[in-house]
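What follows is one structure encoded as structure tokens, with my remarks underneath.
Each chain gets a letter, A, B and so on, in the order the sequences are listed, and its residues count up from 1.
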Number of protein chains: 2
Amino acid sequence: MIDNGFRATTVEAVLAASGTSKGAFFHHFASKRDLADALVTQYVADDLAMLEAGMTAAFEAGADPTSRAIAFLRYYEDLADEIMAGTTGCLYTSVLAEMELVDAATSDPITKAVVVWRERYAELLAAALGDRTDVDVDALSDHVFVTFEGAYLLARSTGDPGEMRRQLAVLRRLVEAVLR
Amino acid sequence: MIDNGFRATTVEAVLAASGTSKGAFFHHFASKRDLADALVTQYVADDLAMLEAGMTAAFEAGADPTSRAIAFLRYYEDLADEIMAGTTGCLYTSVLAEMELVDAATSDPITKAVVVWRERYAELLAAALGDRTDVDVDALSDHVFVTFEGAYLLARSTGDPGEMRRQLAVLRRLVEAVLR
DNA sequence: CTCGTTACAGACCGTTTGGTCTGGTACGAG
DNA sequence: CTCGTACCAGACCAAACGGTCTGTAACGAG
């Protein structure tokens, strides 16, 4: 955990934390932004892999569509705890806020990563819901994404790490009530 | 519309857009952050005033608790359009993302403003819901806040201004389904 | 009229920071 | 052994930017 925020995290700080030199860093990365791209790309891949594993488990357990959708939502609640606990790196969280808002010159890799991310989410949720066609899957999966980002910000603002899970739980309960 | 993001918005840009000089600026504001504090404070006040007016209107129209809660949610949908249309200034939107995430050294005025903001939201939503005690008001009002911030980020990421309203509508429909 | 104060204009400065450049070392190929 | 190449260390640089400082004009009070 170096410091928070892309801009607030100086290259020098990364060097100090990783114990490398400037020469080494810029030998492997063309720019600071290049590192961010690599981190985000890897984070997206890891996140999707974990989510997919979770969903596969739900399918194999023979859960019904509604339960599978709930499992989908629960995944984020658990992820929230992990993120707020700091196990996951600081550059990982709230990618949207970081990249889309902070830095005006958004790089293609990250924008594309977000697109892929959302598409896969929608696919997984659609698969989970199966024959339940009474739900706008795309809108709902995006909403999870939105809540995730917003909840992170609120948790940071209040200083209460539990706030993130709580907010995601609110969403889950709403969806639960609607689906049942 | 100068530029996006607190850090990305240079003082020079503000001067150019407002047609003033550096001397004038720093005569009125102690620092760049001071301007942000003032803007946020004013934005919160304006926002709350508008929301209160809307809720008062709903009460005077004799709407039932559920309808009043829906009116509460609809307020944000309309606000979303206004914000994405650019009528409202760029520094106004996504205060949380701006201040809590971007700049590590958060100033007291803004943190406090966010607290007041959320408290008042909760009060207004509680009043709207009236005798309906089957809802966790605090959690729900915070959830609106969360969705608002997250939806803004998504809209910025996708480049589609309509995305913000769409996401807020998803939340409203969920709440609608639960309340009815 | 004058003098103090407020309001402003804009040149200038110090720091921060991403990125470069020079020099050096390990090492595999021939 | 030698030479080319990948890898790395860290001094150095140039641009950006928030903030200061000097100078000046309006202007109300006495």
Side-chain angles (χ1 to χ4, degrees), chain A residues 1-43 89-114 156, chain B residues 1-43 89-114 156:
Chain A
M1 193 79 133
I2 302 158
D3 194 359
N4 288 104
F6 175 73
R7 231 156 163 151
T9 306
T10 67
V11 172
E12 306 272 356
V14 174
L15 300 181
S18 60
T20 51
S21 71
K22 215 160 206 178
F25 182 88
F26 282 102
H27 181 74
H28 291 287
F29 298 100
S31 66
K32 183 189 173 187
R33 170 60 79 133
D34 211 42
L35 169 67
D37 287 347
L39 284 173
V40 170
T41 303
Q42 195 190 317
Y43 174 51
C90 62
L91 261 173
Y92 288 173
T93 48
S94 199
V95 175
L96 275 184
E98 280 308 322
M99 299 304 154
E100 299 297 332
L101 189 69
V102 176
D103 214 316
T106 308
S107 68
D108 276 348
I110 292 179
T111 306
K112 278 177 188 157
V114 171
R156 284 288 305 275
Chain B
M1 194 79 134
I2 302 157
D3 195 0
N4 288 102
F6 176 73
R7 230 157 164 152
T9 306
T10 67
V11 172
E12 307 270 357
V14 174
L15 301 181
S18 60
T20 50
S21 71
K22 215 159 205 177
F25 182 88
F26 283 103
H27 182 72
H28 292 286
F29 298 100
S31 66
K32 183 190 174 186
R33 169 62 74 132
D34 210 42
L35 168 68
D37 287 347
L39 284 174
V40 169
T41 303
Q42 194 189 319
Y43 174 52
C90 61
L91 261 173
Y92 289 171
T93 48
S94 198
V95 175
L96 275 183
E98 281 306 324
M99 298 305 154
E100 299 296 332
L101 188 69
V102 176
D103 214 316
T106 310
S107 67
D108 276 347
I110 291 180
T111 306
K112 279 177 188 156
V114 171
R156 283 288 307 277

Mind calculating the distance between CZ (B:F29) and P (D:dT20) to the nearest angstrom?
15 Å
Any idea which heavy atoms bring A:S18 and A:T20 closest together, and the distance?
OG-OG1, 2.9 Å
Interatomic distance, A:F26 CZ vs D:dA11 P [rounded to whole Å]:
16 Å
Regarding B:K32, tell me which of base, sugar-phosphate or nothing describes its non-hydrogen contacts under 4.0 Å with the strands shown.
sugar-phosphate
Rounded interatomic separation in angstrom, taking CZ from B:R33 and P from D:dC17:
17 Å
Rounding to a whole Å, what distance do you find between A:H27:NE2 and C:dC21:P?
16 Å
Comparing B:F25 with A:E12, nearest DNA chain D nucleotide closer to 5' gives the residue A:E12
Where the side chain of B:V11 is defined as all heavy atoms beyond and including C-beta, which of C:dG10, D:dA9, D:dG18 is the nearest nucleotide?
D:dG18
Dump the intermediate steps for side chain to side chain contact (heavy atoms under 4.5 Å, CB included) on A:L35 and A:F25, then the final yes or no.
CA-CA 9 Å; A:L35 169 67; A:F25 182 88; 3.8 Å; yes
Could you please name the option among D:dG19, D:dC8, C:dC8 that lies closest to any side-chain atom of A:A24?
D:dC8
Indicate whether OP1 or OP2 belonging to C:dT6 is found under 4.0 Å from a side-chain N or O atom of B:H28.
no
To the nearest angstrom, the NZ-C1' distance between A:K22 and C:dG23 comes to 17 Å
In Å and rounded to the nearest 0.5 Å, what is the CZ to CG distance from A:F26 to A:L15?
7.5 Å
How many angstroms lie between atom NZ of B:K112 and atom CG of B:D37, to the nearest 0.5 angstrom?
11.0 Å
